[in-house]
Amino acid sequence: MTENSAATSTSLRARLLRWLLLPGLMLAFGLLAKNYLTVSEMANRIQDRLLIALAVTISEHAINSRGDLLSRDIELLLEQFTRENTYYRVQGPDGAFVTGDSGLPRLPDGITLEPGVPHFYNAHYRNEDVRAVTMKYLVSNPSSNIYGWVTIDVSQTRRERDNLIYEELLGSTTDFLVLMFLGGVFAWIGVSRGLAPLRRLQQAIRRRSTDDLRPIRHAMPKEVTEVVRSLNALLARLESSITANQRFIADASHQLRTPLATVQAEAEWALRNASDQQDRQALERIVSQTRQTARLANQLLNLARVSPEGRKAVRYEKTDLLALAASVTSGMVRHAIRHDIDLGFDDQSEGMNCEIETGNEVLLQEMLGNLIDNAIVYGTPGKIVTVRVIGRGVAVGPILEVEDNGPGILEKDRDMVLERFVRLDEQNGQGCGLGLAIVKEVADAHQAVMSLEDGKDGVGLKVRIAFPR
Ligand SMILES: Nc1ncnc2c1ncn2[C@@H]1O[C@H](COP(=O)(O)OP(=O)(O)OP(=O)(O)O)[C@@H](O)[C@H]1O
Ligand SMILES: [Mg+2]
């Protein structure tokens, strides 16, 4: 998966939070709605009971006072007590108006009133919503002028009731919002903590270099263990496939070396004995090509040996860089003389320790051989090549430098030449472009820092390998 497509796919955190918060939100809304219904039902019930009590009281009063309106005092008391406007109407058994508001809303059509059973309904009166009750009330006092089933309508505004519901709703909404916010914060923290192992896994994979195919050993939660196990299995397969490839290259180049050496020896022998000009030219080409192919087989084998898979079995131990560099340099003096190069060794250890703590002699010899060979081959005849060893400092390990005063390498090409099969001068048919790649691998194997710099006075090339402390 590319970085880009990974970025566009949904994040796990967003998914988890969505699945935690959405149901939470729905639940909160559900609870709020239920709360609203409960509160308004309760308020209705209380108001309805009050309405019945009012209806009975008002009708008793109307009958006892033989049809008088409620006194203003009682009306005010009612208003103060209920904080609502109360309207009423009393009708005699024959339907004749006895007292109260004659314009009060009537019982909705189609409803027959059972004697003694109150009927509640919502209505609109004087531009306000009202809750109303209508009931039949039996007057059995023969001394009163009204006798039989009287009908009483009582309506009451719903202001206070609605206020109560509104306040209750506001209170519970605020509580729910606070709860949702806290729930969201805890969900965020929980999800972040839950995903922390994934982040650790990501960092562990990101830190890996391409050479490091060891299995991932971080402790992971159960859900991720399978992923890590599959990843480790893939790493193991990859490693064995790379190792098999390396082994194949090493075997192939090894197999090539002997027949190539034979062809080269035969061609050189034939060249020495050839008298015909054309034969000589052809044989010279064969000798030169076989020499180059033999060099390629050799360098391929060397590269396979120093590559991460090849050097797995290599043992690292204390290695004296000064002694090693001196011995490799002296071994290459004849090669230098053949190219008319003055090869020198510059011991700058100044009595300091030049040991590499974890070094491998064979790999280091390969490195030195390639660096000195380059300096000799690409240096200008008659010029100087210096191999220098600088002793360990307070904060730095020993340093190896191979410097020449030949044509050097342009700064822009210095990264490129470290790659395999890169040659800057194709006309120079001596090499195959693997030397510096081998040097880089050996430097990496020793955690050394390799840099290509200008030689003395900006002339030539200086390759510097700084070993760790
Ligand atoms: N000291 C040097 N001065 C100038 N150019 C150099 C020097 N060392 C290397 N180069 C350039 O860098 C290229 C890569 O060098 P490298 O050693 O990797 O390959 P090579 O020498 O061509 O082949 P081989 O694998 O046989 O050594 C060379 O072809 C050459 O052009
Ligand atoms: Mg080379």
Side-chain angles (χ1 to χ4, degrees), residues 246 249-250 252-254 256-257 260-261 264 287-307 310 325 328-329 331-333 335-336 338-346 362-388 400-445 448 450-465:
Q246 288 292 346
I249 295 171
S253 36
H254 189 76
L256 275 173
R257 285 203 308 179
L260 277 171
Q264 192 180 333
V287 168
S288 139
Q289 288 294 319
T290 359
R291 200 171 284 154
Q292 207 179 339
T293 315
R295 166 85 183 166
L296 173 64
N298 224 14
Q299 288 291 75
L300 272 175
L301 185 61
N302 289 337
L303 187 63
R305 272 194 204 129
V306 303
S307 67
V328 177
T329 309
M332 295 192 73
V333 169
H335 182 39
R338 271 203 299 276
H339 283 81
D340 191 17
I341 293 281
D342 177 4
L343 176 62
F345 186 73
D346 181 11
V362 180
L363 297 186
L364 290 167
Q365 272 167 358
E366 207 55 64
M367 166 190 263
L368 268 154
N370 271 290
L371 285 177
I372 300 172
D373 177 67
N374 278 354
I376 292 172
V377 172
Y378 304 111
T380 322
K383 295 285 172 85
I384 301 166
V385 169
T386 309
V387 178
R388 186 175 303 118
L400 167 73
E401 287 181 354
V402 178
E403 184 175 350
D404 62 61
N405 54 1
I409 298 178
L410 290 176
E411 211 167 319
K412 69 173 174 58
D413 296 330
R414 287 178 190 170
D415 280 341
M416 192 173 71
V417 286
L418 301 185
E419 282 167 27
R420 295 169 183 190
F421 297 110
V422 172
R423 307 199 66 235
L424 296 180
D425 182 9
E426 287 296 344
Q427 304 306 316
N428 186 333
Q430 309 234 3
C432 51
L434 290 177
L436 288 177
I438 292 171
V439 175
K440 179 82 177 86
E441 288 285 8
V442 177
D444 285 350
M450 172 182 185
S451 54
L452 270 55
E453 301 167 10
D454 284 343
K456 194 166 171 253
D457 303 325
V459 179
L461 182 76
K462 178 165 82 178
V463 182
R464 182 185 169 92
I465 316 280

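Read the numbers this way: they start at 1 and go in the same order the structure lists the ligands and their atoms. All heavy atoms count here, side chains included; hydrogens, waters and symmetry mates do not. When a residue number appears, it is its place in the shown sequence, counting from 1.
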Asker: What do we get for Val422 next to ligand 1 when only non-hydrogen atoms under 4.0 Å count, side chain, backbone, both or neither?
Answerer: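 The backbone, only.
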Asker: Show which atoms of ligand 1 fall inside a sub-4.0 Å distance from at least one heavy-atom site of Asp404.
Answerer: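 Near Asp404, meaning under 4.0 Å from one of its heavy atoms, ligand 1 has 1 (N), 2 (C).
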Asker: Counting non-hydrogen protein atoms only, what is the nearest one to atom 27 (O) of ligand 1? Give residue, atom name and distance.
Answerer: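 Here the nearest protein heavy atom works out to Arg295 NH2, 3.1 Å.
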Asker: Tell me which one of Asn374, Leu410, Val439 gets a heavy atom nearest to atom 9 (C) of ligand 1.
Answerer: Asn374
Asker: Strictly below 4.0 Å, N to O, side chains only: are Arg388 and Glu403 in salt-bridge contact?
Answerer: yes
Asker: Under 3.5 Å, side chain of Asn298 to main-chain N/O of Ala294, donor-acceptor pair present?
Answerer: no
Asker: Quick one: which ligand 1 atoms are inside 4.0 Å of a heavy atom on Gln299?
Answerer: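 So the answer, numbered in order with elements, is 24 (P), 25 (O), 26 (O), 27 (O).
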Asker: Measure from atom 2 (C) of ligand 1 to every heavy atom in Val417, Asp413, Leu461 and give the option owning the shortest one.
Answerer: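 Result: the heavy atom closest to atom 2 (C) of ligand 1 is in Leu461.
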Asker: Only counting residues at least two apart or in another chain, list the ones meeting salt bridge (Lys or Arg N to Asp or Glu O under 4.0 Å) with Arg295.
Answerer: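 In terms of salt bridge (Lys or Arg N to Asp or Glu O under 4.0 Å), with neighbours along the sequence ignored, Arg295 is linked to Asp373.
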Asker: Can you pull out every side-chain hydrogen bond (donor to acceptor under 3.5 Å, both in side chains) where at least one residue sits in residues 404-413? Sequence neighbours excluded, please.
Answerer: none
Asker: Would you check if the Mg ion (ligand 2) lies under 2.8 Å from any N, O or S atom of Asn374?
Answerer: yes
Asker: Between Ile409 and ligand 1, find which residue part has any heavy-atom pair under 4.0 Å and reply side chain, backbone, both or neither.
Answerer: side chain
Asker: In terms of residue, atom name and distance, what is the protein heavy atom nearest to atom 18 (O) of ligand 1?
Answerer: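 Scanning the protein heavy atoms, the shortest distance from atom 18 (O) of ligand 1 goes to Leu436 N, 2.7 Å.
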Asker: List ligand 1 atoms under 4.0 Å from Gly435, heavy atoms only on the residue side.
Answerer: 16 (P), 17 (O), 18 (O), 19 (O), 24 (P), 25 (O), 27 (O)
Asker: How far does CD of Glu366 sit from CG of Leu301, to the nearest 0.5 angstrom?
Answerer: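 Reported to 0.5 Å precision, the distance equals 8.5 Å.
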Asker: Just jot down the ligand 1 atoms closer than 4.0 angstrom to any heavy atom of Leu434, in number order.
Answerer: 18 (O), 19 (O), 23 (O), 24 (P), 25 (O)
Asker: Using a strict 4.0 Å cut-off to heavy atoms of Asp425, name the atoms of ligand 1 that fall inside it.
Answerer: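 Selected atoms, number and element: 31 (O).
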Asker: Which atoms of ligand 1 are found less than 4.0 Å from any heavy atom of Gly433?
Answerer: 18 (O), 19 (O), 20 (P), 22 (O), 23 (O), 24 (P), 25 (O)
Asker: Testing Ile409, Leu436, Val463 for side-chain contact (heavy atoms from CB on, under 4.5 Å) with Arg414, which one passes?
Answerer: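 Output: one option passes, namely Ile409.
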Asker: When you measure from atom 7 (C) of ligand 1 to every protein heavy atom, which one gives the shortest distance, and what is it?
Answerer: Tyr378 CD1, 3.6 Å
